[in-house]
Amino acid sequence: MASFTSTSFSLTSFNPTKTLVPGCRISNPDSVFFSLKGRTFPPITLQSRVPRFQTACAAKPETVEKVCDIVKKQLALPDGSAVTGESKFSALGADSLDTVEIVMGLEEEFGISVEEESAQSISTVQDAADMIDKLLESKSA
C-alpha cells in the first residue's frame, strides 16, 4: 500500500534490463498519470478511502510470562515445554475443563474476576494476558 502526502512528486523505476526509466509522476492524491519515453498516458482517477486505524494493546511481558507459567502448571507440561504468547490452549492439549482451571488459576494469581463470557473468548496465552492487563487497569481506575 502506498500513501501520498504531497501534491506532486516524481518516481524513477527500473525496467527489466536494469536501465533507468524516468518520467513516472504522481500528480495530487486524486489522480495518477504516467509518462514513459515521451508518451503520456491518460490519468487514473483514484477513489478516496476512509482512513483505517489499527491498534494493538499487547500485555506487559511480565504478565505474559506469568500466564505461561500458570498454563504450564495447570496442564502439567514438562519443564522444557515451549509456551509463548501465541500458544493456543488447544494445541497444548487443554480441553474445556483445563481452560476453566487455567482461568481460575489466573483469577487467583492476579486477584481478578473473569466473566464467563470473557473466559470463553480466551484461546491463546496472549488473549489471557491481554484480558488480565485490561481487567487490572479497569480495577485500578
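Side chains are part of it too, since the values below use all heavy atoms of this structure and drop only hydrogens, waters and symmetry mates. Being a predicted model, the structure only gives us computed values, none of them experimental.
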N/O donor-acceptor pair under 3.5 Å between D127 side chain and T124 backbone: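 Yes: the side chain of D127 pairs with the backbone of T124.
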P61 backbone acceptor or donor facing K66 side chain under 3.5 Å: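 Absent.
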Should we count [atom1] of [X] as having more than 12 external heavy atoms under 6.0 Å?
X    : atom1 : result
K72  : NZ    : yes
E62  : CD    : yes
E101 : CD    : yes

Contact check, side chains of [X] and [Y], non-hydrogen atoms, under 4.5 Å:
X    : Y    : value
D130 : Q126 : yes
E109 : I70  : yes
V83  : L75  : no

Locate the shortest heavy-atom distance separating [X] from [Y]; write the atom from each residue and the value.
X    : Y   : answer
D133 : A59 : OD2-CA, 3.1 Å
A94  : T99 : CB-OG1, 4.3 Å
S87  : A82 : OG-O, 4.1 Å
A128 : V67 : CB-CG1, 4.0 Å

V114: which of I132, L106, L135 passes side-chain contact (heavy atoms from CB on, under 4.5 Å):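 Single pass found, and it is L135.
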Within this structure, what is the [atom1]-[atom2] distance for the pair [X] and [Y], rounded to the nearest 0.5 Å?
X    : Y    : atom1 : atom2 : answer
L97  : Q74  : CG    : CD    : 10.0 Å
M131 : L136 : CE    : CG    : 9.5 Å
K134 : T63  : NZ    : OG1   : 15.0 Å
F89  : D98  : CZ    : CG    : 10.5 Å

Verify same cluster id: V100, I112 (apolar side-chain graph, 4.5 Å):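 No: no chain of side-chain contacts under 4.5 Å links V100 to I112.
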CA sep, side-chain torsions, deciding dist, call: E86, V125, side-chain contact (heavy atoms from CB on, under 4.5 Å): CA-CA 6 Å; E86 293 79 32; V125 170; over 6 Å; no
